[in-house]
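Single-structure report; data block below.
Predicted model only: the values in this text are computed from it and were never measured.
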Amino acid sequence: MPEKKRILVHGSGMVAPPCIEYLTRNPQNEVTVASRTLSSALTLASEFPRTQPLSLDVASAADLDTQVAAHDLVISLVSYTHHAAVIKSAIKGRTNVVTTSYVSAEMRALDDAVKEAGITVLNEVKEFYSYCGGLPAPECADTPLGFKFSWSPRGAILSHRNSASFLHHCKQVDIPATELMSVAKPYYVTDGYSFVAYPNRNSVPSRDFYNIPEAETVIRGSLRYKGNPEFIQALAGIGWLGQEEKSWLKPEITWSQIQQRLVNAPSSDESSLVARIKEVYRFPNEAESERIISGMRWLGLFSTEPASIKDGNIFDTICHQLAKLLGFKPGERDLVMLQHKFVVEWRDGKKGLSLRHC
């Protein structure tokens with residue numbers, strides 16, 4: 001049988017409940033929730049299995065020493081001003097520690113004693129990655145974009161066309177809007193999903209917002225299924241995302257005629273349009289060109305059907321078409337995937353990884 005782990009969660013504030021809920025998912029974890037007032041600890045402990053209440057004042061060094069030593073791990077959720085006291089008790093009891101703060105001067109002064117005790121004190125985050133995507137469930141992602149719209153197609157497509165900034169090894173990286181989709185890369189979250197990720201807007205202020213000033217890399221971004229960014233990039237490169245008004249965009253114009261205008265093709269028949277698209281837009285390879293052109297055909301962009309013109313521009317016109325074709329059908333599932341990835345540095349200089357999924 002796996003060995004039981006005794007975990008002391010010190011603090012009963014707003015961040016304690018989700019922490020305890022996560023810990024008690026593992027049946028091998030036995031949690032003690034400690035608070036200066038016993039009533040707070042009792043209330044919180046009653047909400048979770050294998051959780052016991054404890055009255056503990058961090059100012060009482062003797063009591064703190066005793067309780068910390070009786071546990072395998074202490075998670076300090078009290079004010080950052082008390083973390084050093086908790087670590088001192090952990091050094092005496094040779095108990096590992098996790099805090100919610102960056103390293104203060106008082107905590108840094110304990111570094112040698114921590115190493116001598118042979119314990120781990122997890123504070124600093126060297127790298128932070130946060131990627132999220134609102135997507136159709138895999139069995140419902142049966143569209144050329146691998147995407148369906150549960151909100152405004154205009155807003156969703158525009159989110160693909162923002163500039164982005166983030167921190168990478170202490171340097172700010174800026175991505176212009178025209179290049180955002182080209183920097184999307186495969187990104188592993190969990191088995192069974194072919195995600196790609198790209199940075200989303202400005203992540204630089206997040207370092208201060210999340211109170212991790214020691215982090216050298218901070219990136220917040222979006223998740224999409226493989227193939228989506230390349231499709232959006234191709235639509236933009238061919239001219240389908242232009243927002244300026246077109247005087248020639250009149251009622252009764254067909255989709256194939258719009259396509260002809262965008263790429264300056266000699267005629268509006270499909271073979272001429274496809275040949276001209278391949279001249280205008282540089283696809284990475286033939287397979288990708290066939291995939292995207294096939295998707296454009298699925299969207300009706302080579303058809304002789306009249307287009308529903310919206311606001312006199314190409315972008316709103318195609319967004320209207322996408323809204324008709326890429327909506328969720330009754331009974332289809334959507335999916336929200338969020339992953340937080342923390343990279344920390346251990347005492348021997350090696351880096352460790354912690355993942356949180358939702």
Side-chain angles (χ1 to χ4, degrees), residues 131-136 141-149 151-166 168 173-188 193-203 219-244 246 255 258-265 270 273-302 313-323 325-326 337:
Y131 284 101
C132 184
L135 301 158
D142 54 350
T143 75
L145 276 73
F147 196 82
K148 291 185 178 179
F149 297 100
W151 57 300
S152 161
R154 193 180 202 281
I157 298 297
L158 282 176
S159 72
H160 291 70
R161 306 294 294 162
N162 292 313
S163 59
S165 298
F166 56 90
H168 183 65
V173 179
D174 300 307
I175 307 295
T178 54
E179 297 179 17
L180 183 63
M181 292 297 95
S182 66
V183 302
K185 302 295 182 185
Y187 192 82
Y188 175 80
Y193 296 91
S194 297
F195 289 130
V196 294
Y198 55 89
N200 187 13
R201 298 183 182 269
N202 186 3
S203 302
I219 301 176
R220 297 176 66 248
S222 298
L223 296 173
R224 293 292 183 266
Y225 288 126
K226 180 182 178 182
N228 172 276
E230 293 84 355
F231 202 103
I232 296 295
Q233 189 78 350
L235 289 178
I238 294 166
W240 281 104
L241 303 187
Q243 297 185 57
E244 65 277 8
K246 301 290 187 183
W255 289 106
I258 295 175
Q259 187 77 265
Q260 179 186 8
R261 283 274 195 164
L262 291 178
V263 297
N264 195 25
E270 184 173 322
L273 294 174
V274 169
R276 182 59 181 154
I277 286 172
K278 290 182 177 180
E279 292 175 0
V280 168
Y281 186 76
R282 182 176 296 178
F283 293 96
N285 52 59
E286 185 62 24
E288 190 69 350
S289 87
E290 291 304 317
R291 181 184 75 86
I292 291 174
I293 288 171
S294 175
M296 293 173 67
R297 186 181 299 113
W298 188 93
L299 294 174
L301 303 186
F302 299 128
N313 68 77
I314 302 295
F315 180 64
D316 287 298
T317 297
I318 193 174
C319 283
H320 181 73
Q321 179 77 343
L322 294 176
L325 297 176
L326 273 67
M337 181 65 76

If you take all heavy atoms of Met296 and Trp240, which pair is closest and at what distance? CE-NE1, 3.8 Å

Is the backbone N or O of Gly227 less than 3.5 Å from a side-chain atom of Arg291, with the two atoms forming a donor-acceptor pair by type? yes

What's the verdict on salt bridge (Lys or Arg N to Asp or Glu O under 4.0 Å) for Glu290 and Arg297, showing C-alpha distance, side-chain angles and the deciding distance? CA-CA 10 Å; Glu290 291 304 317; Arg297 186 181 299 113; 5.9 Å; no

Using the ring of each side chain (for Trp, its six-membered ring), is Phe195 parallel, tilted or perpendicular to Tyr193, with breaks at 30° and 60°? parallel

Which word best sums up how the rings of His160 and Phe147 line up, parallel for under 30°, tilted for 30 to 60°, or perpendicular for over 60°? perpendicular

Any chance you could lay out the side-chain contact (heavy atoms from CB on, under 4.5 Å) test for Leu135 and Met337, step after step, and finish with the verdict? CA-CA 8 Å; Leu135 301 158; Met337 181 65 76; 5.5 Å; no

Give, for atom CD1 of Ile293 and atom CZ of Phe302, the distance between the pair rounded to the nearest 0.5 Å. 6.0 Å

Would you name the heavy atoms of Leu241 and Ala236 that are closest together and state the gap between them? CD1-CB, 3.7 Å

Taking every non-hydrogen atom, the tightest pair across Tyr281 and Ile238: CB-CG1, 4.0 Å

One pair to check against side-chain contact (heavy atoms from CB on, under 4.5 Å): Ile318 and Ile258. What are the steps and the verdict? CA-CA 11 Å; Ile318 193 174; Ile258 295 175; over 6 Å; no

Minimum heavy-atom distance between Ser159 and Arg224, given as atom pair plus value: OG-NH2, 4.1 Å

Return yes when atom CZ of Arg161 has more than 12 non-hydrogen atoms of other residues, nucleotides or ligands closer than 6.0 Å, and no otherwise. yes

To the nearest 0.5 Å, tell me how far Ile292 CD1 sits from Leu235 CG. 8.0 Å

Going by heavy atoms in the side chains, are Arg154 and Phe315 under 4.5 Å from each other? yes

Test side-chain contact (heavy atoms from CB on, under 4.5 Å) on Gln243 and Leu158; report intermediate values, then the result. CA-CA 11 Å; Gln243 297 185 57; Leu158 282 176; 3.6 Å; yes

side-chain contact (heavy atoms from CB on, under 4.5 Å) evaluation trace for Leu301 with Leu273: CA-CA 10 Å; Leu301 303 186; Leu273 294 174; over 6 Å; no

Answer yes or no: is there a donor N or O on one side and an acceptor on the other, between the side chain of Gln233 and the main chain of Asn228, under 3.5 Å? no

Spacing of Asn200 atom CG and Asn162 atom CG [to the nearest 0.5 Å]: 7.0 Å

Distance in Å, Leu145 CG paired with Glu230 CD, rounded so as to fall on 0.5 Å steps: 11.0 Å

Shortest non-hydrogen contact between Pro153 and Ala323, atoms and distance: CG-CB, 3.6 Å

In terms of heavy-atom contacts, Leu180 and Pro199 come closest through CD1-O, 3.3 Å

Check whether any side-chain heavy atom of Lys278 lies under 4.5 Å from a side-chain heavy atom of Val274, and answer yes or no. yes

Is Tyr225 reaching over with its side chain to a backbone N or O of Pro136, donor-acceptor style, under 3.5 angstrom? yes

Atom CG of Leu262 and atom CD of Gln259: how far apart are they, to the nearest 0.5 Å? 6.0 Å

How long is the gap from CD on Gln260 to CZ on Arg276, to the nearest 0.5 Å? 11.0 Å

